[in-house]
Amino acid sequence: MKTKSLAVALILFLLGLLIILIPSFSGHRLESQAEQAAERFNETVLENKNEESPSFTELEDGDLPYPELFRAAQAYNEELYHNRQAGFTSISAYQEPSLCLSDYGIDDGVFGTVCIPKLGVTLPIYLGASEENMAKGAAHLSQTSLPIGGENTNCVLAGHCGFNGADYFLYLSTLTEGDEVILTTLWGEGHYRVSGVAVIAPDDIASVMIQPGRELLTLLTCHPYASGGKYRFIAICEKEISEVVP
């Protein structure tokens, strides 16, 4: 009887331990998949750069990687600025991708990567802040500028404040003024510095809108942790060095 009780107790202990460890295993898997997607993208960028030219800024207009996609992204950003982001009105507006990457020969859905050295985080960027994309990395909010740089732009990237054990933007609120953020696309790197942080309401669209004359990147996550999305934390980043083809 005593042996049976010990066996039951051991089984219950092991089951409890498994339940505790499942989020850790899941988180490690998600983070590993995100890292691999980001690494594959950055390797592709490096290969294209080495094949074409020592610097993307030296490329002629016709030699741009994925030129049609770049021009479509430019046109999208210009239209957003001129119509004052009139479509930025609802959840569905920022969940739907701004462009369909498969139409341009990109099948994995990755538009770029965002690296935050202070946090040791590098995530792939997907277009459209849908639940599916948020689960895989950083998601670009449609109806905000696509991450190709340029004056009169504000690219907003959202990430979970922890997701099924994966950190993602969990420690975003530790960023302070001057911290570096690196944005990589098929057309080069953009280096940004945090110029301000804020806690805003979930429906405070004004805080993430384009600011005329500025070239911004805004990182966004839920705040505080495990609050059910009561507020949003944003880190507003200003372009420091531009390597994007004009």
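Here, residue 1 is the first one in the sequence, and each next residue gets the next number.
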| Do E180 and R193 touch side chain to side chain, with heavy atoms closer than 4.5 Å? | yes

| message | Rounded at 0.5 Å granularity, tell me how far CZ in R84 sits from CD1 in I210. | response | 11.5 Å

| request: Could you check I182 against Y192 for side-chain contact (heavy atoms from CB on, under 4.5 Å), going step by step and ending with a plain yes or no? | output: CA-CA 6 Å; I182 304 169; Y192 295 75; over 6 Å; no

Side-chain donor or acceptor of [X] paired with backbone N/O of [Y] under 3.5 Å:
{"X": "Q143", "Y": "A86", "answer": "no"}
{"X": "N77", "Y": "S145", "answer": "no"}
{"X": "D167", "Y": "G162", "answer": "no"}
{"X": "T221", "Y": "G159", "answer": "yes"}
{"X": "Y168", "Y": "A135", "answer": "yes"}
{"X": "R232", "Y": "C222", "answer": "no"}

| query | Checking side-chain contact (heavy atoms from CB on, under 4.5 Å) for the pair I205/T89: CA distance, chi angles, key distance, verdict? | reply | CA-CA 8 Å; I205 293 175; T89 57; over 6 Å; no

| task | Name all residues meeting the ring pair (Phe, Tyr, Trp, His ring centres under 6.0 Å) criterion together with F111; count only those two or more places apart in sequence or in a different chain, and write none if there are none. | result | W187

| query | Can you list the residues that meet the ring pair (Phe, Tyr, Trp, His ring centres under 6.0 Å) rule with Y81, with sequence neighbours excluded? | reply | none

Pairs under 3.5 angstrom only: tabulate donor-acceptor contacts from the side chains of residues 98-107 to other protein residues two or more places apart or in another chain.
residue	atom	partner	partner atom	Å
S98	OG	Y76	OH	3.3
S98	OG	S142	OG	3.3

What residues, two or more places apart in sequence or in another chain, satisfy side chain to side chain contact (heavy atoms under 4.5 Å, CB included) together with [X]?
{"X": "T218", "value": "N154, V156, V208, I234, I236"}
{"X": "E79", "value": "N83"}
{"X": "T113", "value": "A38, F41, N42, T122, T184"}
{"X": "E39", "value": "none"}

| query | Could you give all pairs that pass the salt bridge (Lys or Arg N to Asp or Glu O under 4.0 Å) test and reach residues 147-163, with sequence neighbours left out? | reply | none

| request: With F169 as reference, evaluate L175, L119, L123, L220 under the side-chain contact (heavy atoms from CB on, under 4.5 Å) test and give the passing residue. | output: L123

| task | Output every pair passing ring-ring contact (aromatic ring centres under 6.0 Å, His included) with a member in residues 139-160, not counting sequence neighbours, ordered by first then second residue. | result | H160-F163

| message | One pair to check against side-chain contact (heavy atoms from CB on, under 4.5 Å): S173 and H223. What are the steps and the verdict? | response | CA-CA 8 Å; S173 61; H223 184 82; 4.3 Å; yes

| Excluding sequence neighbours, so at least two apart, what forms side-chain hydrogen bond (donor to acceptor under 3.5 Å, both in side chains) with T174? | none

| request: For Q36, check side-chain hydrogen bond (donor to acceptor under 3.5 Å, both in side chains) against everything at least two apart and list the hits. | output: S32

| Given V110 and I125, is the side-chain contact (heavy atoms from CB on, under 4.5 Å) satisfied, shown in steps? | CA-CA 6 Å; V110 179; I125 298 170; 5.7 Å; no

| Pairs satisfying side chain to side chain donor-acceptor pair (under 3.5 Å), at least one member in residues 197-214, at least two apart | D204-S207, Q211-R214, R214-E238

